[in-house]
Amino acid sequence: MHKGTARAYTNIALIKYWGKKDDALILPMNNSLSLTLDAFFTDTTVTFDEQYTKDVFYLDTVLQDEKATAKVSRFLDLVREKMDRPLFATVESINHVPTAAGLASSASGLAALALACNEALRLNLSKTEVSRLARRGSGSACRSIFGGFVEWEQGTDDLSSFARPIEADRFEDELAMVFILLNDKQKDVSSRDGMKRTVDTSAFYPAWVNTAGEDLTLIKQAIAEKSFTKLGEVTEANALKMHATTLAATPPFTYWSPESLRAMEVVKSLRKDGLECYFTMDAGPNVKVLCKKQDRQQIIARLTQEFSAEQIICALTGPDAHSIETEVTL
Ligand code: ADP
Ligand code: DP6
Ligand code: CO
């Protein structure tokens, strides 16, 4: 029996990954840059055993159906390529994050699974290698191997596409991200399908690809200068640009709900009142608010005038993914 357990935190991109140049290897069209967060994470235990006759997947203690298990099996197949004698596995995972709601469960989920496999099989992969492996499960997962600011270098092939931490002289410790949970139900269009449809059909997609590099340069300047204003402005503009591409897809779609728009307006009005903060959104209706850590209580107080206290969750910068002793038990 080969058993390993790992914890990985979610990350939210400030410069988004939106579109693949290689669907099979999960190579992205542009570099992305994220902040790893402490409030949402996944714990995963994987057990490989000679006795097992198939892969089994429990998520949040619930035995998963064939389709969900097949996705995990496809990832385990990549790990089995590294084994002399391939074995089936049982995966037990707890998401301390809503699943498939645009809150980056695939990032923490696949990062935790990749690291748990490394632990279970004593593969002794470097963090870069675990990042590459996690990328094959879900692109954004390669960034969750590291804490703080993280850049995913798009690369040109399997070997050269991985994430690495960005040295920021602890600027990341001055930040917070406040989540406004508007809907934690599973979304209609997964990130994978949404970005594929956009790449294949959106007339706005070339503009996204052509300007992603400039956005990345700007955000790296903001980090180097520790300029919160610049960081926030680029973050917000980049998210809006990503979401604009989906409206020009065929068939068109949007991840925004009326409540998302309301939340974005609230952020703007906070700003007008001198409380500096900026929003970003992913493949789902929930809105995330980037602010200075020192301002978070005031911002939470204002947001709870507009939304219920249960809808507001504050995250600070999270650490690297790591192995843990206590296995996930059912
Ligand atoms: P999200 O916004 O939550 O990242 P995605 O559409 O990108 O949504 O991905 C959701 C998918 O990620 C799930 O349907 C499942 O296949 C996978 N996933 C989420 N959590 C886990 C986990 N803990 N272990 C394995 N796979 C997971
Ligand atoms: C909008 O990593 O979930 O959150 O690689 O197909 O699994 P797959 O997609 P995923 O896409 C994330 C998209 C995003 C932006 C980001 O996290 O960079
Ligand atoms: Co995802």
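Side-chain atoms are counted along with the backbone in the values below, which use heavy atoms only and exclude waters and symmetry mates. Atoms within each ligand, like the ligands themselves, are counted from 1 in listed order.
The protein heavy-atom contact nearest to atom 7 (O) of ligand 2 is S138 OG, 2.7 Å. Nearest protein heavy-atom contact of atom 2 (O) of ligand 2 is S140 OG, 2.7 Å. S106 OG, 3.0 Å is the protein heavy atom nearest to atom 3 (O) of ligand 2. The single protein non-hydrogen atom nearest to atom 18 (O) of ligand 2 is Y17 N, 2.9 Å, given as residue, atom name and distance. M195 CE, 3.5 Å is the protein heavy atom nearest to atom 9 (O) of ligand 2. When hydrogens are left out, the protein atom nearest atom 4 (O) of ligand 2 is D282 OD1, 3.1 Å; that is the closest non-hydrogen contact. In this structure, the protein non-hydrogen atom closest to atom 16 (C) of ligand 2 is R143 NH2, 3.3 Å.
For ligand 1, the polar-atom distance check finds an N/O of A100 within less than 3.5 Å of one of the ligand's N/O atoms. When only interatomic distances are considered, the shortest N/O to N/O separation between S190 and ligand 1 does not fall below 3.5 Å. An N or O contact shorter than 3.5 Å is missing between T99 and ligand 1 by distance. Backbone and side-chain nitrogen or oxygen atoms of T44 are examined, and none is located within less than 3.5 angstrom of a nitrogen or oxygen of ligand 1. Between T42 and ligand 1, no pair of N/O atoms sits closer than 3.5 Å. Residue S138 has no nitrogen or oxygen atom sitting less than 3.5 Å from a nitrogen or oxygen atom of ligand 1, judged on distance alone.
Side chain to side chain, T229 and E276 meet the donor-acceptor criterion of an N or O pair below 3.5 Å. Defined by atom type and a distance below 3.5 Å, a donor-acceptor pair is missing between the side-chain atoms of Q64 and K71. Defined by atom type and a distance below 3.5 Å, a donor-acceptor pair is present between the side-chain atoms of D55 and S73. Between K16 and T280, the side chains place a donor N or O and an acceptor N or O closer than 3.5 Å (distance only, hydrogens not considered). A donor-acceptor contact under 3.5 angstrom links the side chains of S308 and Q311, judged on distance only. No side-chain donor from either of W18 and N30 sits under 3.5 Å from a side-chain acceptor of the other.
With a heavy-atom cut-off of 4.0 Å, S140 does not touch ligand 1 at all.
Per-residue contacts place K20 under 4.0 angstrom from the following atoms of ligand 2 (heavy atoms of the residue considered): 5 (O), 6 (O), 8 (P). For ligand 1 and G102, the ligand atoms under 4.0 Å from any heavy atom of the residue are 2 (O).
The pair K220-E151 counts as a salt bridge, with a side-chain nitrogen and a carboxylate oxygen less than 4.0 angstrom apart.
By the 4.0 Å heavy-atom criterion, S32 is excluded from the residues contacting ligand 2. Distances shorter than 4.0 angstrom do not occur between any heavy atom of F75 and any atom of ligand 1.
Put simply, S106 gets within reach of the Co ion (ligand 3), with an N, O or S atom under 2.8 Å from it.
Aromatic ring centroids of F228 and F171 lie 6.0 Å or more apart.
Residue S106 holds the heavy atom nearest to atom 9 (O) of ligand 1 of all those in A141, A104, A107, S106.
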